[in-house]
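See structure below.
Below, read A as the first sequence line, B as the second, and so on, with proteins coming before strands; counting in each chain starts at 1.
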There are 2 protein chains.
Amino acid sequence: MARPREFDPDEAMDKAMGLFWDVGYEEASLTELLAAMEITKGSFYKAFQDKQSIYLASLDRYNDKVISGTVAYLGNPAEGSGRARILGLFAKVAQAVELDGDRLGCFLCNALIDKAAEGGEAEGKLQAMVHRLESAFYKALQDDGQLNARDARETARGVLSAYFGLRVLGRSGLSKEMAADCIRQVEWLLARGGRAGQTA
Amino acid sequence: MARPREFDPDEAMDKAMGLFWDVGYEEASLTELLAAMEITKGSFYKAFQDKQSIYLASLDRYNDKVISGTVAYLGNPAEGSGRARILGLFAKVAQAVELDGDRLGCFLCNALIDKAAEGGEAEGKLQAMVHRLESAFYKALQDDGQLNARDARETARGVLSAYFGLRVLGRSGLSKEMAADCIRQVEWLLARGGRAGQTA
DNA sequence: AAGGTTTGGAACCAATCGGTACAAAACACA
DNA sequence: TGTGTTTTGTACCGATTGGTTCCAAACCTT
């Protein structure tokens, strides 16, 4: 009954998220955004509201896709013990940096720094994601059943901050040695309450 | 022999650094920058080159003032053992967030994420600062003389990533409990090779 | 007080910002 | 093949971007 749209809104959203992820909100000009999404202004403003709202949508998307994936991995018993899963996550991050040269970092982490996020709806979304990650670490630790709730919570938070630290360092390119050392330190954190996940 | 300038370039630089620190490069428009520095366009372009170069100068300034201060603190035997100094640094950061509501975070950490930095001169400056911090942690650990060089290096890097992690979390407001847990985890990292710096 | 210099502020610049309006193009249905 | 509806691309909008130019004001030296 009408002309069909020539682009996949879902794909376009992915491209938009990719740009915001890479350069942040302010640095992503509308022109760059349109180029990344491979659509023109008309289509953009017909399909989406404006730059602000597509940024917020990108955050939601990151939560739904990436964070959920990470949470699922951390909660998947098939991937080994809780500690092994946590270490596996760190290893994957380090590997992405050193092998694929991934300098994107973590959208959540980047957005936490990006002040464009502050004050608006973004703040709540970000804190929710932080909480999801913390909980996922916590549950993984609980799965091993070697720590009481208090220690598990504490360890989860230590791991969380180490995780963000690694991703900050990864943003400017992480040497193999640096990454390995960071991970070994996480092993050390996890060693509390049981001999688990030791590699070296 | 001529009209003296009505502002203190040093103070103005401080204000500029403060703004870049807070909102990053791109988000700091020239107008905001001038307002923060309390000078007008004419004075600005007479005293400094342009926005880009004053940003780089801000990074240098941060290195000279803040990072140097941190390095000095970490290397000052009067502040206690090496481990105590490291924990003291973390405590000061946490305290600034929860007491003074400091949401600035760490300029170095913020700039590592801020993509405006990438590709240019900034990259080198940032990595130099990261390296200074790592070395300061390393030396503090060496002062206690309980770890061999290899373990000290590894621990320094673990502490460094925990430090950045804390500063990322601090940017969006850190709960007292979260901060305390993160610090207790650093204590745990430092506990290797000797019972030091324990508080709880 | 006069002369020489430098600063400070406003006017001005092209380019780009995010966003809107609208007409032509492309389809589904009849 | 026409008609109606939606998408698409482009021209356009005022505001703001970083940056330059230029002159009057302010000062030091003599």
| Got a donor-acceptor contact below 3.5 angstrom from the A/N110 side chain to the A/L104 backbone? |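 Looks like yes, one N/O pair under 3.5 Å.
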Just how far, in rounded Å, is [atom2] of [N] from [atom1] of [X]?
{"X": "B/E38", "N": "C/dG9", "atom1": "CD", "atom2": "P", "answer": "12 Å"}
{"X": "B/F48", "N": "C/dG8", "atom1": "CZ", "atom2": "C1'", "answer": "14 Å"}
{"X": "A/Q49", "N": "C/dG18", "atom1": "CD", "atom2": "P", "answer": "17 Å"}
{"X": "B/M37", "N": "D/dG18", "atom1": "CE", "atom2": "C1'", "answer": "14 Å"}
{"X": "B/I39", "N": "C/dG9", "atom1": "CD1", "atom2": "P", "answer": "9 Å"}
{"X": "A/E27", "N": "C/dT16", "atom1": "CD", "atom2": "P", "answer": "15 Å"}
{"X": "B/L33", "N": "D/dT16", "atom1": "CG", "atom2": "C1'", "answer": "15 Å"}
{"X": "A/E32", "N": "C/dG18", "atom1": "CD", "atom2": "C1'", "answer": "13 Å"}

Of the listed nucleotides [options], the one nearest the side chain of [X]:
{"X": "B/Y45", "options": "D/dT7, D/dT20, D/dT17", "value": "D/dT20"}
{"X": "A/T40", "options": "C/dT5, C/dG8, D/dT10", "value": "D/dT10"}
{"X": "B/K51", "options": "C/dG19, D/dG18, C/dT6", "value": "D/dG18"}

| C/dT7 base to B/R3 side chain: any donor-acceptor pair below 3.5 Å? |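 It does, because a donor-acceptor pair links the side chain of B/R3 to the base of C/dT7 below 3.5 Å.
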| query | What about B/K41: does its side chain form a donor-acceptor pair under 3.5 Å with the base of C/dG8? | reply |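 No, the side chain and the base share no sub-3.5 Å donor-acceptor pair.
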| said: Under 4.0 Å from OP1 or OP2 of D/dT8: is there any side-chain N or O of A/S43 that close? | reply: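 Checking A/S43 against D/dT8: at least one side-chain N or O falls below 4.0 Å of OP1 or OP2.
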| Can you tell me if the side-chain N/O atoms of B/T31 get under 4.0 Å from OP1 or OP2 in D/dT17? |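 Yes, within the criterion.
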| task | May I ask you to decide whether A/K115 forms a salt bridge with B/E26, counting only side-chain N to carboxylate O separations under 4.0 Å? | result |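 So A/K115 does not pair with B/E26 through a salt bridge.
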| said: One thing to verify: whether B/R153 and B/E134 come together as a salt bridge, which I'm taking to mean a side-chain N less than 4.0 angstrom from a carboxylate O. | reply: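 Looking at B/R153 together with B/E134, the answer is yes, because their closest N to O distance falls below 4.0 Å.
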| said: Does atom CD (A/Q49) have a neighbourhood of more than 12 heavy atoms from anything else shown, all under 6.0 Å? | reply: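 Check fails, neighbour count at 12 or below.
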| said: Which label fits B/W188 and A/W188: parallel for a plane angle under 30°, tilted from 30 to 60°, or perpendicular past 60°? | reply: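 Because their plane-to-plane angle lies in the 30° to 60° range, the rings of B/W188 and A/W188 count as tilted.
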| query | Which sits closer to the 5' end of DNA chain C, A/K46 or A/L30, going by the nucleotide each is nearest to? | reply |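 Nearer the 5' end of the strand: A/L30.
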| said: Classify B/F44 by what it touches in the nucleic acid, base, sugar-phosphate, or nothing, heavy-atom distance under 4.0 Å. | reply: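 Nothing, no nucleic acid heavy atom in range.
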| request: Quick one: label A/F7 by what it contacts on the DNA or RNA (base, sugar-phosphate, nothing), any heavy atom closer than 4.0 Å. | output: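 Sugar-phosphate, no base atom in range.
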| query | Which residue, B/E6 or B/Y25, contacts DNA chain D at a nucleotide closer to its 5' end, judged by nearest heavy atom? | reply |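 In this pair, the answer is B/Y25.
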